[in-house]
Amino acid sequence: MPVCVMGEGAGPDGQGTASLTVIPISHISTSSNHAHHSVKGTVVLKGRLVSSPSHNFILKAVLQDDTDSNTSPQDGSINVVLLGTLAKDFSQAVNQGDVVVASGFGVGKSPTALKDKLHPCNLLLSGERAFVHVCQAPPADRTSQQDVKRKRPLLPAEVPKYTYTKLDNLKPGEVVNVYGVVVFFKQPFKSRGSDFCSSLKITDQSQQKISCTIFCGKLESHPQIFQIGNIIRMHRVKVHLYNDTLTLLNTFGFSALTFDGAVGAGVEPRTASKSFHFTEEDRRAVEELRLWAASQVLLPADATLTLSAVQPKMYFDLTCQLLAKATVDTTCTLLRVWDGTRCPHALLKLTVEPNIVEGPTFSEEREKLIASVLVYDNHVQFAQQIKPGDFLRIYNLRAIPGLVKMPGLSSSQSEVNHLSFHLHGGTAYGRGIRLLPGDSPDVQELRRVMEAFQGYDEVSHPDLNDSVLWPPLSPERGASVACSTERTCDHLVEPLTLSKVKRSVPGGVHHVRVQLRSYEPRRLHQALKLYCSKCTSMQDVPDDEHLDSIFSKAAADCGPLQPCSPPTWTLSGKVYIPRELSRRPPVRTLNVHMSAQLLSEGRIKELIFLTGSTLQEACHLAAGYHNVVPMRSSGGHLALLDPPAPFLFRGRKRFYRCKQCSETSVREPTTDGVIDEKNIGEALGVQLLKFVLLMKFQLQDASDTLDVFLWRDAESFFNVSAVDAAAYQEAQDSIRQTLDSLCPPGDSSGRRPWLDVCLTEYRPTEEDTQTFYQICHTSTFKPSCTRTPPS
DNA sequence: GCTTAGGGTTTG
């Protein structure tokens, strides 16, 4: 067999490689004679074994030279093509991450070098002389870690270049790849044939609206559309003409990725597929579609409402958690759900025989919060598959006032104007139920809302029935994920015990193997700080209560009696504040000033200067406008709000300025590129404050304990950026999960993992006699979990 | 291997 597997540490066995010289991959060229050379490298990509008529089998791989740090990444990684039996053996014996030595290869010009930016040559391994030696297979637990580490720099040789057809350029009969914004969709439903059917309609910058039908027997292969406005990418759909209208139908090799549609949200593809191509260009395509969609007024509005906002007779989509359910009859199932809010209308409680209810009972107070949803006909089957604790989205739910008559059941409340909810039969209007994955942003948000609900964990009325089940069933909560750390530095020092670290000469770098005994602060938001890189000051992130008061003071200065002249480069207008946000019904409007230049370019959503708003209103408008700068009136002119108020809202992100280092003035930002915190800050004379994470860890080993700080490298430690942690629940949850794994709450040291950590010693100033320690060059990894938070 | 559905003026 031409592929030889050797365990780690085994020496060369003379099977053809011992007499060869190992050369760096960068030395490979078509003009050299490599008959007596071999190359050693890590298999960073292993393609699939493909049967080929001419060679029986063919397999492509990419080999990366880990020893030669002097070369560019282009020259350090090379495409390898294996043919025949060797390809088959390689496919079985070699895994991604293995280190192999290849010899007896031919060298050719790589046809993909321009595209994949790898070595200009490729290695051809076929015939009797070709030989592959596996000399180091990583232990199983290291494989995923290596995969994670190598994911980014890896540029697979065989990533096909996909082209995407705009929706006004479809020709009947063509098989195309498309991107679009979802304007209508139905959850997959069972067709009369053999498959599930998804029906959706998409649009793009060409304004064309195209219906698509996806037939697929496997539910998980259907596009995971959660909301109108989601972005979808589909590969291999065929253009059909039906009733004089172009439609798209999936065809062989179909695949779909879907994305959140919100500007500024993470670009995380939703798919069940384990291997899919996703490039920087794809990320751009998603972000461009999001921006475009945000500027379109004609796209349908998302029908999502909370129980607190729903009115009788409305149709709406509800994101909620299933608390209990009961089968009413063959055509009707009762779902008892909650979404973390209180419905202002009394909710109908349908009394059902206790023995047919699946799920707990709740105290009277809590019963008042729970909505009764009756699902009919085709939806009953899906309802049978879900269980209490599941997170759901129910589409086209109807709020029904009054008494509901249910076959075989009596209602304890016969008064009218109690709301219940119906999911009618059929799939019209996208009616249906969808199970939401526990890690989806919607569920994270739902949990946050539930946990923030007043009285959620109130202990003054402990109730036997639900004390264990409220907080409602959250299977993932507190579930610990195996987690450890690895050093990313190249210091050549031997690990020391903590007691030796303490006794060593100050000023050094140490490697230690420790457990995390405790950490501060326990409340994550207190670990977030704002740092000025100019004056190196650090301050807390202001709380909303503080900001509320700054906003209301500024709003008072912007009243009708204080005329204020905006800069000459702006045009002024008004924005309407939705009724539910308005403190003074019926309708509240705010003055805004926009760049005349941007308006003339039709970039109406990009930047507004907002006066007189509350904090809440500024946040609300930041969901619709890309950049919202809150302003006040000062001496008849516009001015920025005083610190610590944020000077800019971008989506959920807030940007702050340093009071000492900013010399503000209201100038127009450059409008030729993307408008963001950098050029807005520059135009306004703002010294941006950077979000940082600051924590104190107490480390322990058998010898001693040691207090250390985590600051400079905190973001790479958690693999989360501080600005994301400030804005996104998901990023905060990721940090929380890491800490919970490193230091399980309420647990003895038994379950705490041992961590490899790099420590640097420092003294804040020359005069300081005390030595501090900081964790550097250390990252956490979760072998069982490779998800990354939004960037 | 072929078929399925082809949104929609909702209603228990």
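Sequence lines set the chain letters: A, B, ... in the order given, protein chains first and strands last, and positions in each chain run from 1. Only a predicted model underlies this, so the values are computations on that prediction, with no experimental measurement involved.
Side-chain contact between L318(A) and L305(A) is absent, with no heavy-atom pair separated by less than 4.5 Å.
Atom-to-atom, CZ of F189(A) to C1' of dT3(B) comes out at 13 Å; the value is rounded to the nearest Å. Summarising the geometry, the separation between NE2 on H222(A) and P on dA5(B) is reported as 13 Å, rounded to the nearest angstrom. Protein atom OH of Y315(A) is 11 Å distant from nucleotide atom C1' of dG12(B), rounded to whole Å. Remark: C1' of dT4(B) and NZ of K186(A) are 13 Å apart, rounded to the nearest angstrom. Rounded to a whole Å, the CG atom of D377(A) is 13 Å from the C1' atom of dT10(B). Rounded to an integer number of Å, the gap from N378(A) CG to dT4(B) P is 19 Å. Nucleotide dG7(B) holds its C1' atom 11 Å from the CG atom of N396(A), rounded to whole Å. Residue L397(A) contributes atom CG, which lies 18 Å from atom P of dT10(B) at whole-angstrom precision.
Screening F382(A), F189(A), F185(A) for a ring-ring contact (aromatic ring centres under 6.0 Å, His included) with Y395(A), the sole residue that qualifies is F185(A).
Taking the nucleotide of DNA chain B with the nearest heavy atom to each of T427(A) and L423(A), the more 5' of the two is matched to T427(A). Position along DNA chain B of the nearest nucleotide to G425(A) versus S191(A) favours S191(A) as the more 5'-ward residue.
Between atom NZ of residue K46(A) and atom CG of residue L82(A) there is a gap of 10.5 Å, rounded to the nearest 0.5 Å. Taken from NZ in K368(A) to NZ in K349(A), the straight-line distance is 12.0 Å, to the nearest 0.5 Å.
A stacked arrangement is not assigned to Y429(A) and the six-membered base ring of dG8(B), the conditions of a centre distance below 5.5 Å and an interplanar angle below 30° not being jointly met.
Within the structure, side chain to side chain donor-acceptor pair (under 3.5 Å) contacts touching residues 289-301 of chain A (residues at least two apart or in different chains) are Q207(A)-Q296(A).
Side-chain atoms of N243(A) and T245(A) form no donor-acceptor pair, as typed in the model, at a separation below 3.5 Å. Of the N and O atoms on the side chains of K166(A) and S206(A), not one donor lies less than 3.5 Å from an acceptor on the other residue. Side chain to side chain, D339(A) and T341(A) meet the donor-acceptor criterion of an N or O pair below 3.5 Å.
Under 3.5 Å, the side chain of H422(A) and the base of dG12(B) form no donor-acceptor pair of N or O atoms.
Contact check of residues 192-221 of chain A against DNA chain B (heavy atom, cut-off under 4.0 Å) returns R192(A), G193(A), S194(A), D195(A), C197(A), K201(A), T213(A), F215(A). For DNA chain B, the neighbouring residues in residues 231-256 of chain A, judged by any heavy atom under 4.0 Å, are Y242(A), L249(A).
Between the side chain of D89(A) and the backbone N or O of L86(A) there is no donor-acceptor pair closer than 3.5 Å.
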